[in-house]
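Both ligands and their constituent atoms are indexed starting at 1 by order of listing. All values derive from a computational prediction rather than experimental measurement.
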Amino acid sequence: MTRISGGQAVVKALEFLEVDTLFGIPGVHNLAIYAALTDSSIHHVTGRHEQEVGFMADGYARTSGAVGVALVISGPGLTNILTAMGEAYHEAIPLLVISTNNATRHLAGRSGKLHELARSNTMVRSVAKESRRVPCTEAIIPYVLEAFCLAQSGRPAPVHLEIPLDLLQQEMTAPTDDVLKSLMAAFADRSGNADSQDLRQAAAMLQRARQPLIIAGGGAWQAADHLRRLSEKRGAPVLLTPAAKGTLDDAHPLCLGVRHHFAAVRRYLETADVVLAVGTELAEDLFGTPPVVAGTLIQIDRDASAFKSGVKGGIHLLADADDAVAALLEGVSVDSDRSETVFPQVKEIKTAADKELPQLFTYPDLDMIRRRLQEMQRALPPDVILACDSTRPAYVAFSELAVQRPRSFLFPCGYGTLGMALPAAVGARLAHPERPVCVMAGDGGFQFSMAALGTACQEELNIPLVIFNDHGFGEIREHEKAFHFSRPFAADLKNPAFDALAAAYGIPYDRIGEKDDLAPALAAALKGKSPVLIEVQS
Ligand SMILES: Cc1ncc(C[n+]2csc(CCOP(=O)(O)OP(=O)(O)O)c2C)c(N)n1
Ligand SMILES: [Mg+2]
């Protein structure tokens, strides 16, 4: 019987779970785990700040559907990663966050020990599905396996495990693979499938619909293929939430894209007699408006808490999105006549939305932003993953930049954290070494996490960073105008010289002036071997 330490038990559990990449920052409080990692095939990625570590794990999970795993120290390591957990919690991204804590005997009251953090589990529960402290060394493996499964089950979310130092140092008998397999079977996701009667009824509603419409949210990516076929079969246009951008190709003739914020789209939504909402809680959009569904609502979600409205003659289907959409696809018949009328209708709505853009975004440089997005579109390959920060060009990109694949447009949708883009791109790139990855960020947001450049360089990741430099928090300036501030306040930024910053990291730099074309610079940057900083004057 092999004896292993608690630290080795953590790594053994992660290896059994086939975790290939682990994002973290070492400290004396988690070195027992790092010691075990030195002999592991798991690739460890060293962050520069735990918030970035969390976003890296998020980018990894958001683009792959797998659980993103992060390892931090107790105290400041844990508090630093909370913001990224908040973002992942809001967006239903599965993360496993492992932190440590002082030895069990010091955890009862205030001890004054290094990195002490009282009531850590209570604190973390605001941004996690669960936060647990492991009670003994033998429990480490079952707790890790269960936490990993929990992160993915139902509505995916971060799950946190805290392991006291003494448990990492103590030894235990290593469990066999058979024991691990039976543990996994016990923790497997038991979320059931929708009642077949309900599915039949929902299919009949869709079949009878005069003007059906589909809303796809962040939980719809797994069902992307069936969803497209259902939309084509019934001639039902698809409206995407920002988290679902790419779930149906923006260029598809039935795709209304991410355009709920346009009056032309909202009017159309209000006239739809049957609305199928998949993997969305129908939350408010960027401008604070929730989708108004006047017709009958069929809602599919893995988590009942997404069912916020009453049923009103509609149906809530508690089910896996792909299974339920596949069943609906079976239950409806082809309506080719509708496609002929609805294709021009979708085109018309998009044209009307286009005309609304200047009223919606009253940016003085809107035309320039649109031009830049067109240039980016020309340079970006179809399989690109675009990691966006909360910057004005990204809001315009919702409707103005076409994305062709699911899980390829990253945006801090609901929690809205500045600084997500670069570290999330690092995680995405590590999850998909074969796919191009690009960052779009503002000068403000970029500075929230620019230290992640260090990780991107160390990992030798080719990531072009398109930084829109308007020398400030541009979006906030706009809001100040709308609030009738007596003068612009607290939103101007004295920025570093970005060319010197690129030089400091030893990476290429390009500056795109007003008259320059961004496309060739971006296309060239995508062929590089490292991050490339492209500063766009706006
Ligand atoms: C962590 C965090 N702090 C503050 C904000 C508020 N906020 C939203 S947009 C914004 C300005 C972003 O500036 P920049 O990244 O330069 O983009 P721009 O608006 O100039 O395009 C700020 C400060 C936020 N979203 N997240
Ligand atoms: Mg800015």
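At under 3.5 Å, not a single nitrogen or oxygen of P393, backbone or side chain, sits near a nitrogen or oxygen of ligand 1. Checked against a 3.5 angstrom limit, the closest N/O atoms of F448 and ligand 1 fall outside it.
Remark: minimum distance from atom 20 (O) of ligand 1 to any protein heavy atom is reached at G474 N, 2.7 Å. The single protein non-hydrogen atom nearest to atom 14 (P) of ligand 1 is G444 N, 3.6 Å, given as residue, atom name and distance. Protein heavy atom nearest atom 19 (O) of ligand 1, with residue, atom name and distance: E475 N, 2.8 Å. Ranking the protein heavy atoms by distance from atom 8 (C) of ligand 1 puts I476 CD1, 3.9 Å first. In this structure, atom 25 (N) of ligand 1 lies nearest to the protein heavy atom G416 O, 2.8 Å. Summary of contacts: the protein heavy atom closest to atom 15 (O) of ligand 1 is G445 N, 2.7 Å.
Shown in contact with G442 at under 4.0 Å from a heavy atom are these atoms of ligand 1, numbered in order with element: 14 (P), 15 (O), 16 (O), 17 (O).
Between the OD1 atom of D443 and the OD1 atom of D470, the angle taken at the Mg ion (ligand 2) works out to 90° after rounding to 10°.
Neither side chain, S64 nor H432, offers a donor N or O lying under 3.5 Å from an acceptor on the other. Side-chain contact of H115 with N101: a donor-acceptor pair under 3.5 Å is absent, judged by distance alone. Side-chain contact annotation: H252 with Q404, donor-acceptor N/O pair under 3.5 Å absent. Using modelled atom types, one finds no donor on one side chain facing an acceptor on the other under 3.5 Å when comparing Y395 with H261. Y363 and D470 share no side-chain donor-acceptor pair at under 3.5 Å. R48 and Q458 form a side-chain donor-acceptor contact under 3.5 Å, judged by distance and modelled atom types alone. E87 and T417 share a side-chain donor-acceptor pair at under 3.5 Å.
Between C255 and the choices I214, D249, L240, L239, the side-chain contact (heavy atoms from CB on, under 4.5 Å) rule is met once, by L240.
Checking F473 against the Mg ion (ligand 2), every N/O/S atom stays at or beyond the 2.8 Å cut-off. For a distance bound of 2.8 Å, the N, O or S atoms of E475 include none lying that close to the Mg ion (ligand 2).
Residue contacts with ligand 1, taken as heavy atom pairs separated by less than 4.0 Å, involve D470 solely via side-chain atoms from C-beta onward. The proximity of F468 to ligand 1, defined as any non-hydrogen pair under 4.0 Å, does not occur for either the backbone or the side chain. By the criterion of a heavy-atom distance under 4.0 Å, both the backbone and the side chain of T391 are placed next to ligand 1.
With atom 4 (C) of ligand 1 as the reference point, the heavy atom nearest to it among D389, I369, L418, D443 is part of L418.
Between F398 and F411, a ring centre-to-centre spacing shorter than 6.0 Å is recorded.
Side-chain contact check for L282 versus I215: some heavy-atom pair is nearer than 4.5 Å.
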